[in-house]
Amino acid sequence: MEKPLPPLVPGTLYLVATPIGNLEDVTLRALRTLRECDLVAAEDTRHTGQLLHHFAISKPLLSYFQFNEARRSEEILDRLGRGEKIALVTDAGTPGISDPGERVVRAALARGFRVEAVPGPCALVAALTSCGLPTDEFHFAGFLPHKSGQRRRLLEGLSQTRGTLVFYESPYRVVKLVEELASLWPRRPVVLARELTKKFEERLQGTPTELLERLKTRSLKGEFVVLVGPQPEPEGEREEDVRSGPSDDLPEQASRVS
Ligand code: SAM
């Protein structure tokens, strides 16, 4: 027989990841945490109210969003001090990833409270792991600033960053981002991961120039993660060609750089 799960720990802040589009992606532990906690701190109480309603969970909600983070963090810490078990959720995905959470986590840890992750959906991870670009090294840059000069500087600063670059972007600025990528890194492979886990999920891939051509004939709606792979190495200079060299394990022909 399975052991009963340990109860939630009083005075703990639980960071609960929620679905990014498909309600079936909620985890059993997320549901139990939401069911057993004393309070749910939510980015948008109405949105989270609907999620809780869907799973027949009724809980007091406290709004916790970008512009009341400082004040609400204090209130959350007071309540943790009184031994409450608090779940923090955002509208979708993992709290703290381009979403509120970082501030209250830091403050809770600084005051010696227990913080636990209840991991689950995250658009960054879903996009990266399903896009076919390297996953061994990557850099998540979140949302770029809106102003052109700041965006350009930020992108230029990432030119030498190794691995896959990952951005969140609104549908209104995706084309602008692809244009910026075309002017900076015309040969790097790009993937636009759209509406992940939802009905119209798709991945558009190509060089920035190829993508711009395709985007001329279609409108872009929904949510996007934009991924940029490393610059392709010139023929004959790929790392594995250089690394392999003549080897006892390989027939000479296979290890020769062509
Ligand atoms: N905390 C969330 C997470 O863990 O992914 C991210 C929140 S951020 C405010 C919202 C952005 O995440 C969207 O603008 C989009 O770039 C990306 N995103 C969220 N859900 C997505 C989905 N289903 N498909 C593609 N991108 C998504």
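In each ligand, atom 1 is the first atom listed, and ligand 1 is the first ligand listed. Residue numbers start at 1 and run along the sequence shown. Computed from a predicted model, the values in this text were never measured in an experiment.
Under the 4.0 angstrom criterion for non-hydrogen atoms, Ile97 is in contact with ligand 1. In this structure, Ser170 has no heavy atom closer than 4.0 Å to ligand 1. At least one heavy atom of Phe143 sits less than 4.0 Å from an atom of ligand 1. The closest approach between a heavy atom of Gly21 and any atom of ligand 1 is not below 4.0 Å.
Between Tyr168, Phe200, Phe224, it is Tyr168 that holds the heavy atom closest to atom 12 (O) of ligand 1.
In terms of protein heavy-atom proximity, atom 7 (C) of ligand 1 is closest to Asp99 OD2, 3.3 Å. The protein non-hydrogen atom at the shortest distance from atom 20 (N) of ligand 1 is Glu223 OE1, 3.3 Å. Among protein heavy atoms, atom 23 (N) of ligand 1 sits closest to Leu196 O, 2.9 Å. Looking at atom 26 (N) of ligand 1, its nearest protein heavy atom turns out to be Val225 CG2, 3.4 Å.
A salt bridge links Glu75 and Arg79; the closest N-O separation between the charged side-chain nitrogens and carboxylate oxygens is under 4.0 Å. For the pair Arg114 and Glu116, the salt-bridge criterion is met [side-chain N within less than 4.0 Å of a carboxylate O]. Between Glu69 and Arg71 there is no salt bridge, since no side-chain N of the basic residue sits under 4.0 Å from a carboxylate O of the acidic one. The pair Glu223-Lys198 counts as a salt bridge, with a side-chain nitrogen and a carboxylate oxygen less than 4.0 angstrom apart. For Arg173 and Glu179, the salt-bridge test fails: no basic side-chain N is under 4.0 Å from an acidic carboxylate O. Using a cutoff of 4.0 Å between basic side-chain nitrogens and carboxylate oxygens, Arg106 and Glu102 are scored as salt-bridged. Taking the charged nitrogens against the carboxylate oxygens, Lys85 and Glu36 have no contact shorter than 4.0 Å, which rules out a salt bridge.
More than 12 heavy-atom neighbours from other residues, nucleotides or ligands sit within 6.0 angstrom of CZ on Arg218.
Which parts of ligand 1 touch Glu169 is read off a 4.0 Å heavy-atom cut-off, strictly below it: atoms 16 (O). Within ligand 1, the atoms closer than 4.0 Å to a non-hydrogen atom of Lys198 are 23 (N), numbered from 1 in the order shown. Listed by number with element, the atoms of ligand 1 under 4.0 angstrom from any heavy atom of Ala92 are 1 (N), 2 (C). Atom numbering of ligand 1 starts at 1 in the shown order; those under 4.0 Å from a heavy atom of Ile20 are 20 (N), 23 (N).
Residue Leu80 forms a side-chain contact (heavy atoms from CB on, under 4.5 Å) with just one option from Val104, Leu13, Asp38, Val115, and that option is Leu13.
For Glu201, no heavy-atom contact with ligand 1 is shorter than 4.0 Å. If you look at Thr94 next to ligand 1, the close heavy atoms, those under 4.0 Å, come from the backbone and the side chain alike.
Where the criterion is an N or O separation shorter than 3.5 Å, residue side chain and backbone included, Ala123 meets it with respect to ligand 1.
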Glu210 and Lys216: CA distance, side-chain angles, deciding distance, salt bridge (charged side-chain N to carboxylate O under 4.0 Å, His left out) verdict: CA-CA 10 Å; Glu210 286 163 357; Lys216 276 184 190 162; over 6 Å; no
